[in-house]
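Report on one structure; see the data block that follows.
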There are 4 protein chains.
Amino acid sequence: MKALVYQGPGKKGLEDRPVPALVETTDAIVKVTKTTICGTDLHILKGDVPTCEPGRILGHEGIGIVEQIGSGVTHFEPGDRVLISCITACSKCEYCREGMYSHCKKGGWILGHKINGTQAEYVRIPFADTSLYKIPDNVDEEAIVMLSDILPTGFECGVLNGKVKPGSTIAIVGAGPIGLAALLTTQFYSPAEIIMVDVDDHRLEVAGSLGATQLINSQDGKAVDKIMQLTEGKGVDTAIEAVGVPATFIMCEDIVAPGGVIANIGVHGAKVDLHLEKLWSQNITITTRLVDTFTTPMLLKTIQSKKLKPNLLISHHFTLDKILDAYDTFGRAAETHALKVIIKV
Amino acid sequence: MKALVYQGPGKKGLEDRPVPALVETTDAIVKVTKTTICGTDLHILKGDVPTCEPGRILGHEGIGIVEQIGSGVTHFEPGDRVLISCITACSKCEYCREGMYSHCKKGGWILGHKINGTQAEYVRIPFADTSLYKIPDNVDEEAIVMLSDILPTGFECGVLNGKVKPGSTIAIVGAGPIGLAALLTTQFYSPAEIIMVDVDDHRLEVAGSLGATQLINSQDGKAVDKIMQLTEGKGVDTAIEAVGVPATFIMCEDIVAPGGVIANIGVHGAKVDLHLEKLWSQNITITTRLVDTFTTPMLLKTIQSKKLKPNLLISHHFTLDKILDAYDTFGRAAETHALKVIIKV
Amino acid sequence: MKALVYQGPGKKGLEDRPVPALVETTDAIVKVTKTTICGTDLHILKGDVPTCEPGRILGHEGIGIVEQIGSGVTHFEPGDRVLISCITACSKCEYCREGMYSHCKKGGWILGHKINGTQAEYVRIPFADTSLYKIPDNVDEEAIVMLSDILPTGFECGVLNGKVKPGSTIAIVGAGPIGLAALLTTQFYSPAEIIMVDVDDHRLEVAGSLGATQLINSQDGKAVDKIMQLTEGKGVDTAIEAVGVPATFIMCEDIVAPGGVIANIGVHGAKVDLHLEKLWSQNITITTRLVDTFTTPMLLKTIQSKKLKPNLLISHHFTLDKILDAYDTFGRAAETHALKVIIKV
Amino acid sequence: MKALVYQGPGKKGLEDRPVPALVETTDAIVKVTKTTICGTDLHILKGDVPTCEPGRILGHEGIGIVEQIGSGVTHFEPGDRVLISCITACSKCEYCREGMYSHCKKGGWILGHKINGTQAEYVRIPFADTSLYKIPDNVDEEAIVMLSDILPTGFECGVLNGKVKPGSTIAIVGAGPIGLAALLTTQFYSPAEIIMVDVDDHRLEVAGSLGATQLINSQDGKAVDKIMQLTEGKGVDTAIEAVGVPATFIMCEDIVAPGGVIANIGVHGAKVDLHLEKLWSQNITITTRLVDTFTTPMLLKTIQSKKLKPNLLISHHFTLDKILDAYDTFGRAAETHALKVIIKV
């Protein structure tokens, strides 16, 4: 089968690989029908993720059709159309039993990282019963691809951790795909204001069309001032960090109101300054989280009921044999205006 | 009347001052019967708190007897024995209505800071109805002095923010009066382990007698290793920071388990390194808080029912005319083994 | 001044009364500009509310302009445009400090009940600072009238108590003004399905236009069967009772899913059968509540930000001199299709 | 093997039965070492539980040693000492994934009910990985038997649902084993007062020795009056119903304070009157629950750390060949003063 393989820092290729076989009784083999590329895949390709070894098939998102199941799989049958979660959950360890699947002792984020992933014709899914989800009839399949990672990440790490409430004021720092996923799902809770901050006017424009009420290009260094003005000096109830660099986290420290929350989504590569000399008395909460995808069933319902329309996040379409072009387009997002790209397998 | 006055950085004195008079209709004048000294008073004396101007009578803790009330005071009468809260609450602003009295627009921490305080024979208490509490009969008055600040601070900032639960594992970094207040009140929730960390063996010994299950002197630099061993490599569910310097906050970052909480109590004078490159994926929560004292009525009930015995935190007794000795004893706690000192007025 | 007065069971009249004067320093006198009629006013007129004595001016809803303030009022000035809350809150008693203003020891629901109300040219408002709210500029004043009672009631008693969540399935039993207020505010949380049940096709039609996804006329006795079918035998996550009679409460018992909530809003005049022989093992929650109006500031923000459009609940307009006609129209709602009627003063 | 078999209403016997064999790959066979009798077993014997058919081996509590495991069992090995949960959890269905194991689509309460139970030398445990728990070293094994059902039931249905808080006032109506389990675990949260109500002075005496602060024998019909006096007319914050008959539930309705909770534990055989004509405005919450045993790991930690000493609930010891005597003793509890009886296998 064709598969996109990480060949070491800076190198990748579309290789021929054997179709995966069942290993454990709880495995399923899924024929991938659509997949996509994540910012994390770009990090791996740069060599930033040493736990991902060369030779690995990338990809932790996608949908497909169950091809084969192990004897211990009881919730799926060959032929089932399924969503593949980016997080693998054994359902039995102490973390899984608390719903913290991201820290599953045998799973967590392993797909396209520690085991072969979804940017291929077939993928082996461990603990299939609790790592796959049936796709309901009558929903747009491409929308469902957004549920593998980006929407639960924006929702769980940004919106739920950020305790978004009706009438509250939210700032989302970063209007990339993850920030836009937070933007879509924050509207589940009817905040009064959603201030979107980015350095890219195109992304801000997209954010405006998706429900942001204020758009701030932070390139002039005045974003904090503008947000404090908009909030009459109080700051925001929830600041969602969706970039992953010190400057944007510190912006969140500067704009959070007393009693507010900074919900970090960004994948950080360096420490940041936490200004406790200012914040110690401000009754604030800071949260971090690797997505648990425990809200996937809830999110599926919101798609079925049309409360959530995630295909708005899809900008480009490719086929698997053109996946190198897809990576190129996704990697030059500022020029190509790429958000999420769908790769048809 | 006699009053302990801040005379500028490094200087203080017991001065003669006029007895305060009612200013607003919502004020009460309280004859102070017992007061105490807080670590914050030492900070003011060093000149670390520029919002406190020379000439200020210090002190934000104490009990007394209502001497006089303004026409708008409806819940107290002259003669009532009262606890003075360190936080003044107007009860009407948006913060007060959410129970966040610490950020009251007309109050907050003003006593012994922006207005004259309790280390005097009399004190004027603004918004008396919601800043004083009646002392029940049949309770030890000295225990009640601990409710002005230290116990609600340990409880709200450390225990409630730290989400302490039955069976959980807690570390409290810092066994000074505030850390010990957290130790006492964390036991309301029956954690399985309470690990106490300090550099002073005497304070650790006190902690052991007050319910800590593990005592770690961190002077050898091995506290983190020891805690990780005690928790089988997992870390603690709740890490309570009760010192206020970067090293102890970073210790909390190093020992918090996935899904855990770092509850900051310490008053920090400098920024700290937040290691998001490690913590971004650990599903942790960090909280800060200036005490709101919204739990004072609850804490009074736990004292009445003997679930809480705060007089264990009292180490020395003085009279107001010896308050300079009291400051000296409290200021050299390592040598004098001082915890909280009671000053009889 | 003109005022609508309860003259004993079955009797009411538009009388001439003296303009009210300040009694306490915390009072304000408000010149009423718009008021409305509540179902509770009809109950009083039938004689069902013995705590309301003949001679009382009715009405606990409305907006107006501050005419005069007592010396203890600090948050309002003459000339301020204000929303009058149906609940009077002293802000100092133990209930107020927990946000349970409905049980305020000196207030609660007293307007148009134990003291004279808002269906008059002027009204005296006790504890004005925490019982009035400033009306923001640029909002529709008639929409604000809905915030005195009906919207916080639907929201707090129905939606918040009912723990409505994104993707969940809600049934609202009763499509009168209160049920419709619950319908509007339940959408703050993006449930997947909102099933509306009533016996009046017109009200169901209105519900459909306001966002209900399923409309069930229960006159044929098959509502429970239909709801169980719609939910594939599982039942609803939240059942909101908005009528106040045994049959509708029992319908809620019959349709609530395991783990679900029955949130009662209805004012009940008789006991109901609670089928614990069936429900004891179903992990359900039942809640009751008299509205606290603690969410009024939040609701004002949702109106300002256009997330909530309560003027959809207004069906008729009258002037104060025609208030008897207004009562007639509101009292014959099935024929007149009245929802809320606005009375211009 | 020997097994206690339900032989139809009113009939039971100690029979010889074949040792159970593995059926599913997720099964384990456990050699029972200690078991006990539950009030529910008595209900079955009376014929009150038609879903339990004659021929069934009774018992849903106990500890033992894993004898054999299916190929899909990954968390246990033969020889492991284990606690058997009364609730069987598949860990994969929608209810299990929300922690509501009681409603597991393939499990729930099936042991000694729909499949053979633990009052035998061996028992087959489905979904062993998530229905058994390893017994830690150095704990009293008999204490662990109390974790199969009674302690999680008291804790989850009574204490957690009842939202017990430090300083609060609790009433537990019913001092049988379940009420006493609630009494032990309510102390995890340091309530100020725990009022215990029963008609049996011996049980009340036991309650007094286990931490109840007020003991009320309700035979004189004055329990409600006494409780209202003790609470100065306010009522209790949490009323835990631990009997299961209308009179005790109605007592809870009569004593719950505004804003309080009625947490039902009792297994009810008949409907009760819910006095909504009084309670509709009282801001109360009523909860029901079949135990989920999701707190078993937490409870194990509290036993290890000696915060919980459940062997105080054990009154008698028998061997399996004398289990008919054990039933007799347990069935005549008023005379024999039986609480929980341990049956050594």
Side-chain angles (χ1 to χ4, degrees), chain B residues 133-134 136-139 147 151-152 154-156 158-160 162-170 181-195 211-214 230-232 234 236-238 257 259 293-310, chain D residues 133-134 136-139 147 151-152 154-156 158-160 162-170 181-195 211-214 230-232 234 236-238 257 259 293-310:
Chain B
Y133 294 86
K134 271 184 195 147
D137 294 335
N138 306 320
V139 297
L147 278 189
L151 280 164
F155 183 54
E156 296 177 8
V159 178
L160 288 186
K163 292 181 198 152
V164 175
K165 280 192 276 288
S168 66
T169 299
I170 312 302
L183 170 61
L184 287 180
T185 53
T186 203
Q187 294 173 69
F188 286 159
Y189 294 97
S190 310
E193 295 285 349
I194 311 172
I195 304 165
T213 61
Q214 301 283 345
L230 281 170
T231 58
E232 296 171 2
K234 190 181 171 189
V236 299
D237 300 308
T238 302
T293 69
F294 83 102
T295 60
T296 303
M298 171 196 279
L299 291 167
L300 275 166
K301 286 182 194 165
T302 63
I303 289 179
Q304 281 181 276
S305 62
K306 318 241 187 266
K307 303 294 178 197
L308 179 63
K309 295 176 182 169
Chain D
Y133 295 86
K134 270 183 197 148
D137 293 336
N138 306 321
V139 298
L147 278 190
L151 279 164
F155 183 54
E156 296 177 9
V159 178
L160 289 185
K163 293 181 198 152
V164 175
K165 280 193 276 287
S168 65
T169 300
I170 313 301
L183 171 60
L184 287 180
T185 54
T186 204
Q187 294 173 67
F188 287 159
Y189 294 96
S190 309
E193 295 286 349
I194 311 173
I195 304 165
T213 60
Q214 301 283 346
L230 281 170
T231 57
E232 295 169 3
K234 190 182 172 189
V236 299
D237 299 308
T238 302
T293 69
F294 83 103
T295 60
T296 303
M298 171 196 279
L299 291 168
L300 274 166
K301 286 182 193 164
T302 63
I303 289 179
Q304 281 181 275
S305 63
K306 318 244 187 264
K307 303 293 178 199
L308 179 63
K309 296 177 182 167

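Proteins come first, then strands; the chains are lettered A, B, ... in the order of their sequence lines, and each starts at number 1.
Note that the OG1 atom of D:Thr213 and the NZ atom of B:Lys307 stand 7.0 Å from one another [nearest 0.5 Å]. Remark: B:Tyr189 OH to D:Tyr189 OH distance equals 8.5 Å, nearest 0.5 Å. Going from atom NZ of D:Lys301 over to atom CG of B:Asp237 covers 6.0 Å, rounded to the nearest 0.5 Å.
With D:Pro166 as reference, B:Thr302 is the one residue of B:Leu308, B:Thr295, B:Thr302, B:Thr185 to meet the side-chain contact (heavy atoms from CB on, under 4.5 Å) rule.
The contact between B:Gln187 and chain D is made entirely by backbone atoms, counting heavy-atom distances below 4.5 Å. For D:Glu193, no part sits under 4.5 Å from any heavy atom of chain B, backbone or side chain. Heavy-atom distances place the backbone of B:Pro191, and not its side chain, under 4.5 Å from chain D.
For D:Lys163, the NZ atom counts as loosely surrounded, since its 6.0 Å shell holds 12 or fewer non-hydrogen atoms of other residues, nucleotides or ligands. Counting non-hydrogen atoms of neighbouring residues, nucleotides and ligands closer than 6.0 angstrom, the NZ atom of D:Lys309 reaches no more than 12 such neighbours.
Residue with the most contacts toward chain D among B:Ser190, B:Ser305, B:Gly167: B:Ser190 (heavy-atom pairs, distance under 4.5 Å).
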